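Each chain gets a letter, A, B and so on, in the order the sequences are listed, and its residues count up from 1. These figures come from a predicted structure and were not determined experimentally.
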Protein chains: 2
Amino acid sequence: MRIGEVARRSGVSVRALRYYEEQGLLTPDRGPGGQREYAEGAVDRVRVFQQLYAAGLSSSRIAELIPCIDTDTTTAHQRAMLAAERARVRERIDQLTATLARLDDLIEAADNRRA
Amino acid sequence: MRIGEVARRSGVSVRALRYYEEQGLLTPDRGPGGQREYAEGAVDRVRVFQQLYAAGLSSSRIAELIPCIDTDTTTAHQRAMLAAERARVRERIDQLTATLARLDDLIEAADNRRA
DNA sequence: CTTGAACCTGACGTCAGCGGTAGGTTTTAG
DNA sequence: CTAAAACCTACCGCTGACGTCAGGTTCAAG
């Protein structure tokens with residue numbers, strides 16, 4: 001599969017895919033003409049990357065997590081990182097939930113003043 | 001209250017406070033020597049700003065919301081914006097919750113492989 | 001009255017995750 | 001065989017929320 005198809009199927013830009021490679025997240029093979037050749041699983045992996053990016057993880061963090069995704073062994077360090085990132089996401093959710101409540105207050109107050 | 005104290009009490013940098021002013025979020029008075037003089041409520045307002053920034057709102061969005069915070073009337077436009085931002089935060093929470101589940105999967109898998 | 005902390009105004013630097021462009025090569029369709 | 005679509009590398013640009021000087025002013029303490 002070439003880069004354009006991966007882009008279409010995963011919903012990210014070609015540029016983004018090359019960027020991911022630059023960051024060490026993807027290392028596709030190269031065809032005889034030098035073009036990138038992606039394995040089937042690439043599309044799913046890109047989707048995972050997008051999800052982790054959306055969760056606020058940096059490229060380097062995601063790179064560190066890759067062995068947890070596709071190897072058979074995990075080191076203590078990797079497990080600790082997973083736990084740490086989980087905690088971060090958890091905190092973020094809690095914080096956003098608080099913000100949501102704050103916005104609800106503002107909305108309620110605004111509605112009252114309209115009446 | 002001068003800028004340094006506001007910074008300490010609100011937990012942001014002096015630079016950030018000047019930036020907020022640049023963005024129209026804060027408009028402190030000026031003392032005779034040209035120094036910024038903040039009212040008591042400034043600290044709380046800065047905390048609200050931080051919360052909204054953390055929720056992914058931009059400076060200009062926050063600036064638009066300010067009238068909802070401290071005036072007595074709100075326009076339909078402002079109420080619509082509040083609702084839209086609320087929806088955005090809600091979506092973000094849902095997405096993060098999905099990511100959390102994903103991380104939990106990874107963690108469980110990692111733990112199994114360790115055993 | 002001096003000195004050092006805190007303040008002021010520019011203005012440039014940073015970082016991340018790409019977007020966009022230039023200039024050239026490879027692949028595919030007809 | 002040709003033309004266009006898709007690909008390549010290399011590089012500069014962008015945005016947002018500040019960090020970080022530089023060079024000068026003001027304030028509080030002794």
Side-chain angles (χ1 to χ4, degrees), chain A residues 1-39 42-43 45-66 85 88-89 92 95-96 99, chain B residues 1-39 42-43 45-66 85 88-89 92 95-96 99:
Chain A
M1 193 172 13
R2 290 190 306 172
I3 198 169
E5 191 177 346
V6 178
R8 271 191 305 280
R9 286 172 49 182
S10 61
V12 308
S13 68
V14 166
R15 180 70 180 81
L17 291 174
R18 293 203 263 250
Y19 175 74
Y20 296 162
E21 182 174 353
E22 211 176 291
Q23 300 302 307
L25 303 185
L26 285 174
T27 39
D29 291 340
R30 294 299 181 120
Q35 302 203 349
R36 295 170 175 83
E37 189 59 33
Y38 293 85
V43 172
R45 286 185 56 150
V46 168
R47 294 212 181 98
V48 175
F49 294 160
Q50 286 289 104
Q51 195 167 26
L52 295 176
Y53 273 125
L57 305 214
S58 64
S59 293
S60 62
R61 280 314 211 183
I62 297 176
E64 292 188 69
L65 288 179
I66 287 184
E85 292 301 342
R88 274 192 4 89
V89 173
R92 190 113 178 74
Q95 221 220 345
L96 284 179
T99 303
Chain B
M1 191 176 11
R2 291 190 307 174
I3 199 169
E5 191 176 346
V6 179
R8 270 190 307 279
R9 286 174 47 182
S10 60
V12 310
S13 69
V14 166
R15 178 66 178 87
L17 291 175
R18 292 203 264 250
Y19 175 74
Y20 296 163
E21 183 173 354
E22 211 176 289
Q23 300 302 306
L25 303 185
L26 244 35
T27 40
D29 292 339
R30 295 299 182 122
Q35 301 201 348
R36 295 171 176 83
E37 189 58 33
Y38 293 85
V43 173
R45 288 185 55 150
V46 169
R47 294 212 180 99
V48 175
F49 294 160
Q50 286 289 105
Q51 195 169 24
L52 295 176
Y53 273 125
L57 304 216
S58 64
S59 294
S60 62
R61 280 314 211 183
I62 297 176
E64 291 187 69
L65 289 180
I66 288 183
E85 293 300 343
R88 274 189 7 86
V89 173
R92 190 111 179 75
Q95 223 221 343
L96 284 179
T99 303

Go through the structure and list residues passing side chain to side chain donor-acceptor pair (under 3.5 Å) with Gln50(B), not counting sequence neighbours. Tyr20(B)
Taken to the nearest whole Å, CZ/Arg36(A) to C1'/dC8(D) is 7 Å
Going by the rule side chain to side chain donor-acceptor pair (under 3.5 Å), which residues pair with Ser59(A) if we only count those two or more places apart in sequence or in a different chain? Tyr53(A)
Minimum heavy-atom separation for Val89(A) and Leu96(B), please, with both atom names. CG1-O, 3.8 Å
Encode nucleotides 23-30 of chain D as B, S and - characters from 5' to 3', where the letter depends on protein heavy atoms closer than 4.0 Å: B to the base, S only to sugar-phosphate, - to neither. ---SS---
Excluding sequence neighbours, so at least two apart, what forms salt bridge (charged side-chain N to carboxylate O under 4.0 Å, His left out) with Arg8(A)? none
Rounded to the Å, how far apart are Arg9(A) CZ and dA6(D) C1'? 17 Å
Rounded to whole angstroms, how far apart are CE on Met1(B) and P on dC7(C)? 12 Å
Donor-acceptor list for residues 31-38 of chain B side chains, cut-off 3.5 Å, not counting sequence neighbours:
from     : atom 1 : to       : atom 2 : distance (Å)
Gln35(B) : OE1    : Arg2(B)  : NH1    : 2.9
Arg36(B) : NE     : Glu21(B) : OE1    : 2.5
Glu37(B) : OE2    : Met1(B)  : N      : 2.4

Give the B/S/- string for nucleotides 14-19 of chain C, one per nucleotide from 5' to 3', where a protein heavy atom under 4.0 Å of the base yields B, of only the sugar-phosphate yields S, and otherwise -. --SBBB
Rounded distance (Å) that lies between atom P of dA5(D) and atom CD1 of Ile3(A): 19 Å
For Arg15(B), all residues meeting salt bridge (charged side-chain N to carboxylate O under 4.0 Å, His left out), sequence neighbours excluded: none
Give the rounded distance in Å between these two atoms: CD of Glu21(B) and P of dA17(D). 16 Å
Taking atom C1' of dT26(C) as reference, at what distance in whole Å does atom CZ of Arg30(A) sit? 13 Å
Euclidean distance, atom CZ of residue Arg18(A) to atom P of dC7(D) [Å, nearest integer]: 8 Å
Which residues satisfy the salt bridge (charged side-chain N to carboxylate O under 4.0 Å, His left out) test with Arg18(B), sequence neighbours excluded? none
With sequence neighbours excluded, what pairs up with Arg92(A) under the side chain to side chain donor-acceptor pair (under 3.5 Å) test? none
